[in-house]
J.: 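Mind having a look at this structure? Questions to follow.
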Amino acid sequence: MDVWFDGLDNDISLSADNRWGKRPIWHEWRDLSDLSTVLDSVEGVIRELLNDYR
């Protein structure tokens with residue numbers, strides 16, 4: 001799983017391998033005006049993905 005801030009597009013992206021062999025999982029947050037909410041959302045997605053691997 002990779003999470004990064006893209007300074008060119010000014011967004012936060014997350015990619016992860018799909019354990020069912022389909023296309024990789026991809027999430028992108030483009031509106032960073034409420035960064036606290038965005039980071040809570042990123043954390044929620046990461047928690048969900050990690051729970052799926054158990």
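Model, not experiment: these values are computed from the prediction.
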J.: Can you tell me how far the CD atom of Glu48 sits from the CD1 atom of Ile25, to the nearest 0.5 Å?
T.: 9.0 Å
J.: Do Leu49 and Met1 touch side chain to side chain, with heavy atoms closer than 4.5 Å?
T.: yes
J.: So Asp2 and Ser15, do their side chains get closer than 4.5 Å, heavy atoms only?
T.: yes
J.: Testing the 3.5 Å rule here: is there a donor-acceptor pair between the side chains of Trp29 and Ser41?
T.: yes
J.: Please say which of Val3, Leu14, Ile46 ends up in a side chain to side chain contact (heavy atoms under 4.5 Å, CB included) with His27.
T.: Leu14
J.: Where do Leu32 and Asn10 come nearest, in terms of heavy atoms and distance?
T.: CD1-O, 3.4 Å
J.: Please name the pair of heavy atoms, one in Leu8 and one in Asp6, separated by the smallest distance, quoted to 0.1 Å.
T.: N-OD1, 2.9 Å
J.: Strictly distance-based, threshold 3.5 Å: is any side-chain N or O of Asp9 a donor or acceptor partner for the main-chain N or O of Asp11?
T.: no
J.: Is any side-chain heavy atom of Asp31 less than 4.5 Å from a side-chain heavy atom of Val38?
T.: no
